[in-house]
Amino acid sequence: MSFGQVLLVAVLAVPALGAVAVAATPRDRAARLVGTVAAALTLLAAVPLVFGGRSWVAWSAGAPAVRPWHQLDLPWVPGLELRFHLGVDGISWPLVVLTALLTLLCCAYTMWRVPDGGSGRALVALLLVVEVGILGTFLALDLVLFFLFFEVVLLPMYAIIAGWGGADRRRAARKFALYTLFGSVLLLVGVYVVVAAAGTADVVALTGGDGLSRGTQLAAFTLLALAFAVKSPLWPLHSWLPDAHTQAPTVGSVVLAGVLLKMGTYGLIRVAVGVAPEGARWAAPVLGVLAVAAILVGSLVCLAQADVKRLIAYSSVGHMGFVLLGVATLTATGIQAALIGNVAHGVITGLLFFLAGAVKDRTGTGSLAELSGLRETAPRLAGLLAFAAVASLGLPGLAGFWGEAFAVVAALQVGGPLWTTLGVLAAIGGALTAAYFLRLLRQVTHGRPSPAVGGVGAGLAGAELTAWVPLVLLALAIGLAPALVLGVAEAPVDALVGVVLP
């Protein structure tokens, strides 16, 4: 095996073995430490995947759209011609690193604070199992393997919400599970349609829709797009998200918003658009309209929210709308905007949920009506919250700017009455994003301290800074140097667009 293949195996094996080791360690704190070490080793294995083997081939007759930097292709179920096929390229690598980083920060955070509801050992073990499922989804290059990894996430995420969440956690967990199972059924049928028609489950071979008739591609894209829309979630299939976020523990919300939602948008790009490009071209106007509806509806609902976590949760609906708008344009600019928007949302919204959890832990409430004057009692926490909010609203120079701005640019570049209108409406949605985040800051940080905020101390725990500072630095780094994401994705995106628009 080459060094890259060893890293691919390690990225999945280390957290899986780590989860087993955590479960087998009797002492709770020692188990959490073992899990944190396993998450750190996973990140150390994920980062070097960017080195070596970075060659691409442009699409041409009979050639794959993208040649992975590293890939491992072994027989899995020979009787069914299924293979254990893993690979990584510039589309998936940023999400792999983001997943490994956020899981590490969440495991490290549990060393300081374990939410009520169960043992820290069980929580860390479940976080590592979720990591395996998410990483496997980003690395799988076999459709059946992709589906299996996609499903691995469901039960442990359900357990995290139901076991360590808020007062209404069981209802939120059931809603999450039911919606996700609905999407899973659609995904399974979509995968079956593709594999039965093409005679292979290999994503690289299927990219470009070779061997699939137009009718098959239309049916497959519809099924796959709906399945990924549930996971993302995209409007109007988003109603499970606010409840899950509001009731989940802090680390659950960070993983859920930071990387679990990205499984849907990544699948939309890699699988739905890549495997069924004719279906993507056919549905592009509908996707664009739904994307702008999500941006506007999400922003307007955020303006009416009275709870910090629900506001941040609904903001994800709008941000994922910008990602979908970029994908719907089917242009290199749009898909690049979607990819950097994915990463930026994971970094910034992960930070926002960490901070929202810190505010709720200190004050005992997340209600905006009971929060004011935080900058008077906890100026450092208020400053970090302000930084995360302005990063999320798309301030130039911070990570949130690039995805939203270039999604609008891509829509305007496509041109025509429909896409120009969509671009203008999306820009208006961006202005509404600024409005609700500024409203959040005015309510929480300004004014005289409320009774709930009056007793908050000014200090920040070292564990909190350890979890938050990497995300602050990443939001700055991606905002100032977007080539960190766009540079590695440029060539594979160009090749993918060459398939979609030959």
Side-chain angles (χ1 to χ4, degrees), residues 10-25 27-46 95-139 149-166 169 172-173 176-177 180 231 244-245 247-263 346-347 349-351 353-354 357 463-464 466-468 470-471:
V11 164
L12 295 179
V14 170
L17 295 174
V20 174
V22 168
T25 304
R27 296 179 59 187
D28 191 83
R29 184 170 180 82
R32 283 180 275 147
L33 179 60
V34 169
T36 303
V37 170
L41 292 175
T42 304
L43 178 60
L44 290 176
L95 295 173
V96 170
V97 174
L98 177 65
T99 302
L101 174 64
L102 288 180
T103 305
L104 171 59
L105 297 181
C106 288
C107 290
Y109 193 77
T110 64
M111 295 297 297
W112 174 66
R113 180 186 294 275
V114 177
D116 297 332
S119 70
R121 179 180 66 176
L123 177 59
V124 170
L126 289 170
L127 286 172
L128 291 174
V129 175
V130 170
E131 181 181 25
V132 173
I134 297 173
L135 290 173
T137 301
F138 294 148
L139 295 176
F149 277 123
F150 201 87
E151 296 309 300
V152 164
V153 175
L154 172 59
L155 290 180
M157 198 67 225
Y158 170 88
I160 289 172
I161 299 171
W164 289 267
R169 60 186 181 273
F176 164 77
T180 305
K231 180 70 78 174
H245 271 316
Q247 298 301 321
T250 297
V251 292
S253 293
V254 171
V255 171
L256 186 61
V259 286
L260 192 141
L261 305 186
K262 311 305 177 289
M263 295 167 62
V347 171
T349 307
L351 178 60
F353 274 114
F354 267 132
E464 291 178 315
T466 300
W468 302 344
L471 300 178

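Heads up: numbering here begins at 1 and tracks the sequence.
Summarising the geometry, atom NZ belonging to Lys231 is positioned 5.0 Å from atom CG belonging to Leu260; distances are rounded to the nearest 0.5 Å. Considering OG1 of Thr250 and CZ of Phe353, their distance stands at 9.5 Å, rounded to 0.5 Å. Interatomic distance, CD of Gln247 versus CD1 of Ile160, reported as 15.0 Å (0.5 Å rounding).
At least one side-chain heavy atom of Pro470 sits less than 4.5 Å from a side-chain heavy atom of Leu105. Residues Arg29 and Met111 are in side-chain contact: their nearest non-hydrogen atoms beyond the backbone lie under 4.5 Å apart. At a threshold of 4.5 Å between non-hydrogen side-chain atoms, the residues Val251 and Trp164 do not count as touching. Between Leu154 and Phe176, the closest side-chain pair of non-hydrogen atoms falls below 4.5 Å.
Leu98 approaches Gly258 most closely through the heavy-atom pair CD2-O, 3.7 Å. Trp112 and Ala463 make their closest contact through CB-CB, 3.2 Å (heavy atoms, listed as atom of the first residue, atom of the second, distance). The two residues Gly350 and Leu471 make their nearest non-hydrogen contact at C-CD1, 4.1 Å. Looking at every heavy atom in both residues, Thr349 comes nearest to Ala257 through CG2-CB, 3.7 Å. Looking at every heavy atom in both residues, Ala467 comes nearest to Phe354 through CB-CZ, 4.1 Å. Minimum interatomic distance between Val114 and Ser119 (heavy atoms only, all atoms of both residues): CG1-C, 4.3 Å.
Listed by first and then second residue, the salt bridge (charged side-chain N to carboxylate O under 4.0 Å, His left out) pairs that reach into residues 37-46 come to none, sequence neighbours excluded.
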Candidate pair Phe149 and Leu12, rule side-chain contact (heavy atoms from CB on, under 4.5 Å), full reasoning: CA-CA 11 Å; Phe149 277 123; Leu12 295 179; 3.8 Å; yes

Give every donor-acceptor pair under 3.5 Å between a side-chain atom in residues 31-45 and any protein atom, sequence neighbours left out.
from: Arg32; atom 1: NE; to: Asp28; atom 2: OD2; distance (Å): 2.8
from: Arg32; atom 1: NH1; to: Thr110; atom 2: O; distance (Å): 2.7
from: Arg32; atom 1: NH2; to: Asp28; atom 2: OD2; distance (Å): 3.0
from: Thr36; atom 1: OG1; to: Arg32; atom 2: O; distance (Å): 2.9
from: Thr36; atom 1: OG1; to: Cys107; atom 2: O; distance (Å): 3.3
from: Thr42; atom 1: OG1; to: Ala38; atom 2: O; distance (Å): 2.8

List the atom pairs, donor and acceptor, that lie under 3.5 Å between side-chain atoms in residues 125-137 and the rest of the protein, sequence neighbours left out.
from: Thr137; atom 1: OG1; to: Gly133; atom 2: O; distance (Å): 2.8
from: Thr137; atom 1: OG1; to: Phe150; atom 2: N; distance (Å): 3.4

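Every residue two or more places apart in sequence or in another chain that forms a side chain to side chain donor-acceptor pair (under 3.5 Å) with Lys262 is listed here: His345. With sequence neighbours excluded, the residues forming a salt bridge (charged side-chain N to carboxylate O under 4.0 Å, His left out) with Arg113 are Asp361, listed by chain and number. For Phe138, the ring-ring contact (aromatic ring centres under 6.0 Å, His included) partners at least two apart in sequence or on another chain are Tyr266.
For the pairing with Thr99, the side-chain contact (heavy atoms from CB on, under 4.5 Å) check across Leu101, Val97, Thr103, Val96 returns one residue only, Thr103.
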